[in-house]
Amino acid sequence: MRSDQIKRGAVRAPNRCLLYSTGISPGDLDKPFIGIASSFTDLVPGHVAMRDLERYIERGIAAGGGVPFIFGAPAVCDGIAMGHSGMHYSLGSREIIADLVETVANAHMLDGLILLSNCDKVTPGMLMAAARLNIPAIVVTAGAMMTGMYDKKRRSMVRDTFEAVGQFQAGKITEKRLSELEMAACPGAGACQGMYTANTMACLTETMGMSMRGCAAALAVSAKKKRIAYESGMRVVELVKKDVKPRDILTLDAFKNAITADMALGGSTNTVLHLPAIANEAGIKLPLELFDEISKKTPQIACLEPAGDHYMEDLDNAGGMSAVLFAIQKSLVHSKTVSGSDIIEIANSAEILDEYVIRAKNPYKPEGGIAILRGNIAPRGCVVKQAAVSEKMKVFSGRARVFNSEDDAMKAILDNKIVSGDVVVIRYEGPAGGPGMREMLSPTSALHGMGLSDSVALLTDGRFSGGTRGPCIGHISPEAVAGGAIGAINEGDTININIPERTLNVELTDDEIKARIDNIIKPEPKIKTGYMARYAKLVQSADTGAILK
């Protein structure tokens, strides 16, 4: 065992002495040491119920013949960090999490890992660590939140708080109703209720084979989730004994399966950042073209919020990810899972329990949820969640309204300075320019709440929340701070968007764009000290997955 390096031989007497001081017994030295990387925190709704799951994981590890050791990992709630300077730190936390798990696992020579995760950057960060370390590991995602209830209708975080801000600003709802909605929309523990980034990543983690069957859709407060936590604890000890490692599971075929599931679900655009970053740690390249290639041949068979009216609780009741895999099984390729079953075996053994939620026979859309666009604004690509764009806005031309920060754009939106036919351009918010590529759910939700999402487009070198809907195009590469063409757009320029043809262009010649770029005076860095200042110097373009080099 790896852990023999800290517990075997006379020379390790001091190491054993310190281990005994933690309360373990001499007999435990013969067992695998299993780390539980827990991202529990009182700060994040998706993580507040993890204490119970830690207990069930510990029980499972002990029952399987291992010794559990809990250690902490940070978590950021994107919803709480959104709309202010805190959002600079969200994407960057992904790398911190990966580094932290690597550090603890290698410093203490752990034999295996349970990665207890949930919200947006924690799951990809932990998967990056698993691929990098390549020691037996299982991810337990802590589960989705139940919907709230108000005025005889189910409620959720994005529609009933973020979009309600725009409704209030437009005079469509009262301040009293806004206050009542914010009290009702999030009734307890769990990741936000729709197919936003956290739940999308949970679904793709199970599809890639790194979570036990049923984990992705099981709700945070359910006994089912506790049983999965227990089973995961037992199973990881078996993986250690059989020497089954993450790179045995995280193959190119597994990533192709994940992208297929992503397109079928209409998942978050953030997966186009996270899957390439995880693959990079496994020594695999995932070009943007692969996402678009799979999207064009994968119908969207589920439509959860923000694009539709279903929630994760509906997906769970419809059979969870196993049922989704059953629906798309002809598009899947063989790949291993932590359960020991091949992903196609899992798909074949499932059934769809609600064909209104998972529409295998009558898909919601003929193509997948995400499209990759290119053009003179984004020669290296950009991303749009086409599943959440109305048909009338898939081809659109408009007047550029240019802002050098999200904050300036948000002020203009709330001051009613954005009108039908505008294309809001938000730049210097990319991985390096942001720094940290802030999510922009506040401006996109405000536009929707104000009734402008079918007449106004938004494009940025930053990124969007999985909760975004409307013609919102992000990840524009290269970003403005790197000399990208988005920095050359001027107020009033005409921008042409054509999602079916996968193009995004400004009506300028290449010479005009180059001349403007040559004369740009770049703004001062927004953060000049600390982690994010270092991050800005190391982070690569969005089309790489915003990896660090």
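FYI, the numbering just counts along the sequence from 1. Below, each value reflects all heavy atoms present in this structure, side chains not excepted, and no hydrogens, waters or symmetry copies.
Under the salt bridge (charged side-chain N to carboxylate O under 4.0 Å, His left out) criterion, Asp99 pairs with Arg132, sequence neighbours left out. Checked against side-chain hydrogen bond (donor to acceptor under 3.5 Å, both in side chains), His334 has the following partners two or more places apart in sequence or in another chain: Asp342. Scanning for ring-ring contact (aromatic ring centres under 6.0 Å, His included) contacts around His310 gives Tyr356, with sequence neighbours left out. Residues passing the salt bridge (charged side-chain N to carboxylate O under 4.0 Å, His left out) test with Arg516 are Asp493, sequence neighbours excluded. For Ser85, there are no side-chain hydrogen bond (donor to acceptor under 3.5 Å, both in side chains) partners, not counting sequence neighbours. Considering only residues two or more places apart in sequence or on other chains, Lys121 meets the salt bridge (charged side-chain N to carboxylate O under 4.0 Å, His left out) condition with Asp78, Glu439. Residues meeting the side-chain hydrogen bond (donor to acceptor under 3.5 Å, both in side chains) test with Arg534, sequence neighbours left out: none. Residues satisfying the side-chain hydrogen bond (donor to acceptor under 3.5 Å, both in side chains) test with Asp422, not counting sequence neighbours, are Arg399, Arg401. Residues that satisfy the salt bridge (charged side-chain N to carboxylate O under 4.0 Å, His left out) test with Lys411, not counting sequence neighbours, are Asp415.
The minimum heavy-atom distance between Gln193 and Ala185, with the atom names listed, is NE2-O, 2.8 Å. Val395 approaches Pro500 most closely through the heavy-atom pair CG2-CD, 4.0 Å. Residue Ile294 comes nearest to Thr298 through the heavy atom pair O-OG1, 2.7 Å, listed as atom of the first residue, atom of the second, then distance. Closest approach of Cys382 to Ala378, counting heavy atoms only: SG-CB, 3.8 Å. Considering every non-hydrogen atom in both Asn199 and Cys192, the closest pair reads ND2-O, 2.6 Å. A pairwise comparison of heavy atoms in Arg438 and Asp407 identifies NH2-OD2, 2.9 Å as the closest pair.
Here the side chain of Arg427 pairs a donor or acceptor atom with the backbone of Ile489 at under 3.5 angstrom. A side-chain donor-acceptor contact under 3.5 Å links Gln386 to the backbone of Gly368. The main-chain N or O of Ile372 is found under 3.5 Å from a side-chain atom of Asp292 such that the two form a donor-acceptor pair. Under the 3.5 Å distance criterion, the side-chain polar atoms of Ser211 are matched with a main-chain donor or acceptor of Val139. A side-chain donor-acceptor contact under 3.5 Å links Lys522 to the backbone of Val481. Without hydrogens or angle criteria, Gln329 side chain to Ala347 main chain gives no donor-acceptor distance under 3.5 Å. Under a 3.5 Å cut-off, the side chain of Asp461 and the backbone N or O of Tyr428 do form a donor-acceptor pair. Remark: the backbone N or O of Thr123 is paired with a side-chain donor or acceptor of Ser117 at under 3.5 angstrom. Remark: side-chain polar atoms of Arg463 are paired, donor with acceptor, to backbone N or O of Met437 under 3.5 angstrom. Judged purely by atom type and a 3.5 angstrom limit, Thr271 uses its side chain to pair as donor or acceptor with the backbone of Ser268.
For residues 478-489, there are no salt bridge (Lys or Arg N to Asp or Glu O under 4.0 Å) pairs, not counting sequence neighbours. Pairs of residues two or more places apart, or lying in two chains, that qualify as salt bridge (Lys or Arg N to Asp or Glu O under 4.0 Å) and include a residue from residues 359-369 are Glu367-Arg502. Legend: ring-ring contact (aromatic ring centres under 6.0 Å, His included) pairs involving residues 438-477, not counting sequence neighbours: none detected.
Side-chain contact between Phe403 and Pro443 is absent, with no heavy atoms from C-beta onward closer than 4.5 Å. You'll find the side chain of Tyr89 reaches within 4.5 Å of the side chain of Ile527, heavy atoms only. Val324 places none of its side-chain heavy atoms less than 4.5 Å from the side chain of Cys203. Using a 4.5 Å cut-off on side-chain heavy atoms (C-beta onward), Ser397 and Glu507 make no contact. A 4.5 Å side-chain heavy-atom check between Pro379 and Pro478 finds at least one atom pair inside the cut-off. At least one side-chain heavy atom of Ile495 sits less than 4.5 Å from a side-chain heavy atom of Val425. The side-chain heavy atoms of Ile249 and Ser335, taken from C-beta on, include no pair separated by under 4.5 Å. Side-chain contact between Met87 and Met440 is absent, with no heavy atoms from C-beta onward closer than 4.5 Å.
Look at Lys514 and Asp510 and you find no salt bridge, because none of the NZ, NE, NH1 or NH2 atoms lies under 4.0 Å from a carboxylate O. In summary, Arg154 and Asp314 engage in a salt bridge, as defined by a charged side-chain N under 4.0 Å from a carboxylate O. Using a cut-off of 4.0 Å between Lys/Arg side-chain N and Asp/Glu carboxylate O, Lys172 and Glu163 are scored as not salt-bridged.
For the 3.5 Å distance criterion, the side chains of Glu429 and Thr460 fail to qualify, holding no donor opposite an acceptor. For Thr509 and Asp511, the side-chain atoms include no donor-acceptor pair closer than 3.5 Å. In this model, a donor atom of one side chain and an acceptor atom of the other lie less than 3.5 Å apart for His47 and Ser39.
Around the CD atom of Glu175, the shell of radius 6.0 Å holds no more than 12 heavy atoms that belong to other residues, nucleotides or ligands. At most 12 heavy atoms of other shown residues, nucleotides or ligands fall within 6.0 angstrom of atom CD in Glu501.
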Begin with the C-alpha distance, continue with both residues' side-chain angles, and end with the deciding distance and a verdict on side chain to side chain contact (heavy atoms under 4.5 Å, CB included) for Met532 and Lys526. CA-CA 10 Å; Met532 290 312 298; Lys526 297 171 188 170; over 6 Å; no
So Thr205 and Met126, side chain to side chain contact (heavy atoms under 4.5 Å, CB included) or not? Walk me through it. CA-CA 11 Å; Thr205 300; Met126 289 188 169; over 6 Å; no
List the steps and the verdict of side chain to side chain contact (heavy atoms under 4.5 Å, CB included) for Leu43 and Ile80. CA-CA 9 Å; Leu43 277 168; Ile80 296 173; 5.9 Å; no
Check the pair Met208 / Asn257 against side chain to side chain contact (heavy atoms under 4.5 Å, CB included), numbers first and verdict last. CA-CA 7 Å; Met208 286 188 288; Asn257 287 339; over 6 Å; no
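Of the options Arg177, Arg155, Lys153, a salt bridge (charged side-chain N to carboxylate O under 4.0 Å, His left out) to Asp160 is made by Arg155 and by none of the others. Each of Leu275, Asn280, Thr544, Ile278 was evaluated against Leu286; a single residue qualifies, Leu275, per the side-chain contact (heavy atoms from CB on, under 4.5 Å) test.
The distance from atom SG of Cys186 to atom CE of Met145, rounded to the nearest 0.5 Å, is 4.0 Å. Between Leu508 atom CG and Ile513 atom CD1 the span is 5.5 Å, to the nearest 0.5 Å.
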